[in-house]
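Data first, discussion second: the structure below is written as structure tokens.
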Amino acid sequence: MNGQTSHQQPKDGRHDDDAALTEFLASLMDYTPTIPDELVEHYLAKSGFQCPDIRLTRLVAVATQKFIADVATDALQQCKARQSAVIKDKRDKQQKDKRLILTMEDLSKALREYGVNVKHQEYFADCTSAGLEPASRDE
């Protein structure tokens with residue numbers, strides 16, 4: 001239990017971390033992300049970052065995909081909470097139509113949790129019949 005053994009443990013832990021990171025980066029070479037490499041490279045270049053290593057590009061794609069999935073999940077929860085808070089009179093009608101309708105308000109609330117403030121123009125439609133043909137509005 002001298003000073004040398006205490007220095008070896010963090011080194012061993014770091015070696016394990018380095019090995020896991022190397023293995024993860026190698027796995028990115030075989031992974032095809034949902035967000036295309038070209039799109040990620042475009043936005044990285046637009047922000048002033050260029051790297052020839054495709055693994056780093058895919059790492060950014062994976063992180064972006066995770067962020068989008070988290071925001072979409074949170075927006076869905078906002079949507080469900082909003083629709084469950086409907087007045088009881090409207091609840092009977094809602095039972096017939098169980099579609100969930102995501103609004104900008106739902107998305108804005110979800111993004112706000114991640115520090116992204118969305119300001120949308122007044123012409124955005126946040127009603128369920130917006131964009132539908134007149135015949136389908138009555139249904």
Side-chain angles (χ1 to χ4, degrees):
M1 305 305 150
N2 57 23
Q4 290 179 340
T5 56
S6 65
H7 290 291
Q8 288 176 353
Q9 280 198 329
K11 190 175 181 180
D12 290 340
R14 183 171 181 199
H15 177 69
D16 291 341
D17 290 345
D18 289 346
L21 180 60
T22 302
E23 182 180 333
F24 175 70
L25 289 175
S27 71
L28 287 175
M29 291 302 293
D30 300 327
Y31 177 72
T32 304
T34 303
I35 302 170
D37 293 336
E38 295 80 14
L39 183 64
V40 176
E41 288 170 355
H42 169 76
Y43 281 103
L44 286 175
K46 193 173 178 178
S47 69
F49 183 82
Q50 291 194 0
C51 180
D53 192 353
I54 193 71
R55 297 175 302 174
L56 185 59
T57 303
R58 290 190 178 163
L59 181 62
V60 171
V62 169
T64 304
Q65 183 177 337
K66 169 80 167 96
F67 175 74
I68 292 170
D70 288 348
V71 169
T73 301
D74 290 349
L76 176 64
Q77 296 305 319
Q78 291 287 339
C79 178
K80 287 179 179 179
R82 178 180 47 79
Q83 288 187 348
S84 69
V86 175
I87 302 172
K88 195 165 191 146
D89 295 339
K90 294 183 180 180
R91 199 168 277 174
D92 294 334
K93 183 179 177 184
Q94 186 182 6
Q95 292 300 326
K96 295 176 187 173
D97 186 19
K98 294 185 179 184
R99 294 182 302 162
L100 295 174
I101 300 170
L102 182 68
T103 64
M104 275 301 294
E105 182 180 339
D106 299 328
L107 186 58
S108 295
K109 285 180 182 179
L111 284 168
R112 202 172 304 130
E113 293 176 15
Y114 292 92
V116 178
N117 294 318
V118 177
K119 294 182 181 180
H120 52 85
Q121 299 296 325
E122 294 178 18
Y123 59 83
F124 273 58
D126 277 347
C127 67
T128 58
S129 63
L132 297 177
E133 294 180 23
S136 61
R137 288 183 187 167
D138 298 332
E139 293 176 2

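Taken together through direct or relayed side-chain contacts under 4.5 Å among Ile, Leu, Val, Met, Phe, Trp and Tyr, Ile54 and Ile35 form parts of separate hydrophobic clusters. In this structure, Met29 is not a member of the same hydrophobic cluster as Val62, with clusters built from ILVMFWY side-chain heavy atoms closer than 4.5 Å. With hydrophobic clusters built from ILVMFWY side chains whose heavy atoms lie under 4.5 angstrom apart, Leu111 does not share a cluster with Leu102.
Rounding to the nearest 0.5 Å gives a distance of 10.5 Å between OG1 of Thr22 and CG of Asp17. Distance CG/Asp53 to CZ/Arg58: 10.5 Å, rounded to 0.5 Å. Note that CG of Leu39 and CG of Leu44 are 9.5 Å apart. Values are rounded to the nearest 0.5 Å. Considering CZ of Arg55 and CG of Leu25, their distance stands at 5.0 Å, rounded to 0.5 Å. Note that the OG1 atom of Thr103 and the CD atom of Gln83 stand 8.5 Å from one another [nearest 0.5 Å]. For the atom pair CG of Asp70 and CD of Gln65, the computed distance is 10.5 Å after rounding to the nearest 0.5 Å.
Salt bridge absent: Lys109 and Glu113 never bring a charged side-chain N and a carboxylate O closer than 4.0 Å.
Here the closest heavy-atom approach between residue Gln78 and residue Ala110 is recorded as CG-N, 4.4 Å. When every heavy atom of Leu100 is checked against every heavy atom of Leu76, the shortest pair comes out as CD1-CD1, 3.5 Å.
Side-chain contact between Ser108 and Arg112 is present, with heavy atoms from C-beta onward closer than 4.5 Å. Side-chain contact between Leu107 and Val71: present, with at least one pair of heavy atoms (C-beta onward) separated by less than 4.5 Å.
For the ring-ring contact (aromatic ring centres under 6.0 Å, His included) condition, no pair includes a residue of residues 19-46, sequence neighbours left out.
Asp74 pairs by the salt bridge (Lys or Arg N to Asp or Glu O under 4.0 Å) definition with nothing, not counting sequence neighbours. By the salt bridge (Lys or Arg N to Asp or Glu O under 4.0 Å) test, Asp30 pairs with no residue at all, sequence neighbours left out.
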